[in-house]
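Beneath this line is the structure, given in structure tokens, with notes to follow.
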Amino acid sequence: CYRTLMGALHLSLGGAPEGPAGTGKTETVKDLSKAVAKQCVVFNCSDGLDYLAMAKFFKGLASCGAWACFDEFNRINIEVLSVIAQ
């Protein structure tokens with residue numbers, strides 16, 4: 001996972017670790033961000049999120065260059081995901 005994420009970072013891309021609950025995905029991203037001196041913001045998603053809240057969150061990430069780790073991403077409504085994906 002580290003090698004894949006570092007390769008993506010080198011190419012100015014992102015990464016999206018996936019897998020079963022409790023396997024250390026969030027901790028891996030947090031540890032790697034610390035190793036490369038990047039701020040990592042862990043965001044616990046819920047079904048109450050709307051696209052405006054997500055837009056504010058993405059603006060903040062883009063302005064400071066931080067990494068984001070979205071926990072429980074599957075809880076976001078499909079309508080909000082479709083707007084975010086554009």
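Here the structure is a predicted model, which means the values were calculated and not measured.
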Straight-line distance of [X] [atom1] to [Y] [atom2], nearest 0.5 Å:
| X | Y | atom1 | atom2 | result |
| --- | --- | --- | --- | --- |
| Phe58 | Ile84 | CZ | CD1 | 5.0 Å |
| Leu32 | Thr28 | CG | OG1 | 8.5 Å |
| Asp50 | Lys56 | CG | NZ | 8.5 Å |
| Ser46 | Arg75 | OG | CZ | 8.0 Å |
| Lys25 | Thr23 | NZ | OG1 | 3.5 Å |
| Glu72 | Thr26 | CD | OG1 | 9.0 Å |

Quick one, [X] and [Y] - any side-chain contact, counting heavy atoms below 4.5 Å?
| X | Y | answer |
| --- | --- | --- |
| Trp67 | Leu61 | no |
| Ser82 | Val80 | no |
| Pro17 | Val29 | yes |

What pairs with Phe57 under ring pair (Phe, Tyr, Trp, His ring centres under 6.0 Å), at least two apart in sequence or on another chain?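 Ring pair (Phe, Tyr, Trp, His ring centres under 6.0 Å) list for Phe57, sorted by chain: Phe43, Phe70.
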Looking only at atom types and distance, does a side-chain atom of Asn77 sit under 3.5 Å from a main-chain N or O of Asp47, one as donor and one as acceptor?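 Confirmed, Asn77 side chain pairs with Asp47 backbone.
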My understanding is that a hydrophobic cluster links ILVMFWY residues whose side chain heavy atoms are under 4.5 Å apart, including indirect links. Using that, what else belongs to the cluster containing Leu11?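 The other cluster members (ILVMFWY side chains, heavy atoms under 4.5 Å, direct or chained) are Leu13.
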Can you give me the closest heavy-atom contact between Ala8 and Gly14, atom names plus distance?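 Closest approach of Ala8 to Gly14, heavy atoms only: CB-O, 3.6 Å.
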Using the rule that two of Ile, Leu, Val, Met, Phe, Trp, Tyr join whenever any of their side-chain heavy atoms come within less than 4.5 Å, decide whether Val36 and Leu5 are in one cluster.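 Shared cluster, yes.
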Could you walk me through whether Gln39 and Cys64 satisfy the side chain to side chain contact (heavy atoms under 4.5 Å, CB included) test, starting with their C-alpha distance in whole Å, then the side-chain angles of each, then the deciding distance to 0.1 Å, before giving a yes or no? CA-CA 9 Å; Gln39 180 183 8; Cys64 69; 4.2 Å; yes
